[in-house]
2 protein chains.
Amino acid sequence: MNDHLKAFRNYLKEQGLKNTSQREEILAFLGRSSRHLSPEEIFRELRRRDPRLGRATVFRTLRLLGDCGLATRVTFPDGKQKFETRLGGHHHDHMLCVHCGRAIEFVSPAVEEAQKRLARRYGFKVLWHRHEIFGRCRRCETAGPSPRRS
Amino acid sequence: MNDHLKAFRNYLKEQGLKNTSQREEILAFLGRSSRHLSPEEIFRELRRRDPRLGRATVFRTLRLLGDCGLATRVTFPDGKQKFETRLGGHHHDHMLCVHCGRAIEFVSPAVEEAQKRLARRYGFKVLWHRHEIFGRCRRCETAGPSPRRS
DNA sequence: GTTTTTATTGAGATAAAGTCTCAATTAAGA
DNA sequence: TCTTAATTGAGACTTTATCTCAATAAAAAC
Ligand SMILES: [Mn+2]
Ligand SMILES: [Mn+2]
Ligand SMILES: [Zn+2]
Ligand SMILES: [Zn+2]
């Protein structure tokens, strides 16, 4: 049984919550995908397999997965929200290409460290963070149209 | 005449766009406020003064201001989107308190520098970025309920 | 200053994203 | 197996955002 699943079941038990097939399906689907998925994509796909799945359950579960640190929300350049699992429970951040939409995942100890110092200075207790860099990936940088900000 | 306004008019001219009173009102309002404002707040307030203002214009203008780097979108812990001007054209990032909603603005040369190196390594051309740290501010850290992630 | 051109505007329709309610269901412990 | 309480899903509803198109107004041309 994979780690995510184990951690999830654990969390549910701790919180006095119940496990359900829907919840596990959603977690598994997210884990299988290499892409970032929108709630709607997750809903449509899983709904095909189980026509009784409800949209609300998807949103509820994504929040739950967020709460226990198994899923992360990523805001794309167009403002759309998508999700991914935290691979191996490891935190990472993103560079998002405003041209092709590609997401590059990165981990930067230097950034994380600087951030930690910073927070300490402000007496701020960090729970989690999101670091999104928008721009052009190597491929798209050669030539292309203008970006869309904010 | 303030810098923001000058830059804005410049940008419009460069792009062959027209300046309008609505656009300037929105920019000015954003500039006057010390808080982060949601599109709806901006709309409701400015609408009081000019009952003919349309909601679409607010959204359109916010995108425009984003495009030219004069406004920044900030995603709050509850997922809500708000805007602020880039004070003096200067970039900054945020620590957001999941308890009281307070936003602490910071600038970290160390983080910015680390980020730059990182991007270079990936051949990624950075256009802008967003760095949001969620947690508890000094005040709220003393005691409080549990956070809401993702 | 007047005319011409063209971007912009706003009402309202529509779409997209997310939440809520509540009766029915189901997981988990006794 | 029985009991209890969390969960589910349909669909209503809310919120957020975009679109359409006729009317308007800014800037350029004259
Ligand atoms: Mn990070
Ligand atoms: Mn920064
Ligand atoms: Zn790209
Ligand atoms: Zn606080």
Side-chain angles (χ1 to χ4, degrees), chain A residues 5 8-27 29 36-68 71 73-83 148-150, chain B residues 5 8-27 29 36-68 71 73-83 148-150:
Chain A
L5 187 50
F8 188 43
R9 291 185 176 170
N10 237 7
Y11 177 81
L12 292 175
K13 186 155 288 181
E14 274 174 11
Q15 303 289 312
L17 303 175
K18 288 173 177 169
N19 195 0
T20 67
S21 60
Q22 291 91 335
R23 285 175 177 177
E24 294 207 349
E25 283 305 328
I26 291 167
L27 175 59
F29 185 58
H36 296 78
L37 301 168
S38 71
E40 191 60 24
E41 284 175 309
I42 297 169
F43 170 66
R44 278 208 310 271
E45 178 54 28
L46 291 183
R47 168 92 172 201
R48 279 201 347 200
R49 311 183 196 175
D50 172 7
R52 301 193 43 260
L53 178 66
R55 178 176 274 103
T57 299
V58 173
F59 280 100
R60 285 187 291 229
T61 301
L62 286 173
R63 162 169 305 180
L64 196 57
L65 291 173
D67 284 351
C68 65
R73 179 197 303 264
V74 180
T75 302
F76 275 68
D78 59 3
K80 296 288 181 291
Q81 310 283 311
K82 302 199 178 180
F83 290 81
R148 177 105 299 176
R149 264 171 178 279
S150 117
Chain B
L5 187 50
F8 187 44
R9 291 185 177 170
N10 238 6
Y11 177 81
L12 293 175
K13 185 154 289 181
E14 275 174 11
Q15 304 288 315
L17 303 175
K18 288 173 179 172
N19 194 1
T20 68
S21 60
Q22 292 91 333
R23 286 175 175 177
E24 293 207 349
E25 284 304 327
I26 291 168
L27 174 59
F29 184 58
H36 295 79
L37 301 168
S38 70
E40 192 60 24
E41 283 175 308
I42 297 169
F43 171 65
R44 279 208 309 273
E45 178 53 29
L46 291 182
R47 168 92 172 202
R48 281 200 346 201
R49 311 181 195 175
D50 172 6
R52 303 194 42 260
L53 178 65
R55 177 176 274 106
T57 299
V58 172
F59 280 100
R60 284 187 291 228
T61 301
L62 286 173
R63 162 169 304 181
L64 197 58
L65 291 172
D67 284 348
C68 66
R73 179 197 302 263
V74 180
T75 302
F76 276 68
D78 60 2
K80 296 286 179 295
Q81 310 284 311
K82 301 198 179 182
F83 289 81
R148 177 104 298 179
R149 264 171 178 278
S150 116

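Every chain is numbered from 1, with letters handed out A, B, ... down the list of sequences. Keep in mind that what you see is a predicted model, and the values were worked out from it rather than measured.
Whole-Å rounding puts the A:Leu53 CG to C:dT26 P distance at 14 Å. Rounded to a whole Å, the CZ atom of B:Arg52 is 12 Å from the P atom of C:dT9. Summarising the geometry, the separation between CZ on A:Arg60 and P on C:dT19 is reported as 11 Å, rounded to the nearest angstrom. Atom CD in B:Gln81 sits about 18 Å away from atom P in C:dA16, given to the nearest Å. Rounded to an integer number of Å, the gap from A:Arg9 CZ to D:dT7 P is 16 Å. To the nearest angstrom, P of C:dT8 lies 13 Å from CG of B:Leu65. Rounded to a whole Å, the CG atom of A:Leu62 is 9 Å from the P atom of C:dG18. Taking atom CD1 on B:Ile42 and atom C1' on D:dT16, their separation rounds to 14 Å, with Å as the unit.
Of all the heavy atoms in A:Asn19 and A:Arg23, the pair that sits closest is OD1-CB, 4.2 Å.
Heavy-atom distances to DNA chain C give each of B:Phe43 and A:Glu40 a nearest nucleotide, and the one nearer the 5′ end belongs to B:Phe43. Toward the 5′ end of DNA chain D lies the nearest nucleotide of A:Gly54, the other residue of the pair A:Gly54 and B:Lys80 mapping further downstream.
Put simply, the side chain of A:Val58 does not reach to within 4.5 Å of the side chain of A:Leu46, judged on heavy atoms. Under the 4.5 Å side-chain criterion, counting only non-hydrogen atoms from C-beta, B:Lys18 is not in contact with B:Leu12. A:Arg49 is listed as a side-chain neighbour of A:Phe29, based on a closest heavy-atom distance under 4.5 Å. Between A:Cys68 and A:Phe8, the closest side-chain pair of non-hydrogen atoms falls below 4.5 Å.
Set against D:dG9, C:dG18, D:dT16, the side chain of B:Phe59 has D:dT16 as its closest nucleotide. Across D:dT18, D:dA10, C:dT19, the shortest atom-to-atom separation from the side chain of B:Arg63 is found for D:dT18. Distance from the side chain of B:Ala56 is smallest to C:dA11 among C:dA11, C:dG18, C:dT9.
Partner of B:Glu40 under the side chain to side chain donor-acceptor pair (under 3.5 Å) criterion, out of B:Lys82, B:Arg55, B:Lys80: B:Arg55 alone.
Residues from residues 12-26 of chain B placing a heavy atom under 4.0 Å of any atom in DNA chain D, listed by number, are B:Lys18, B:Asn19.
Taking only distance into account, the side chain of B:Arg55 never meets the base of C:dG12 through a donor-acceptor pair shorter than 3.5 Å.
Remark: B:Glu45 engages B:Arg48 in a salt bridge, criterion side-chain N to carboxylate O under 4.0 Å.
Here B:Arg47 reaches the OP1 or OP2 of C:dA11: one of its side-chain N or O atoms lies under 4.0 Å away.
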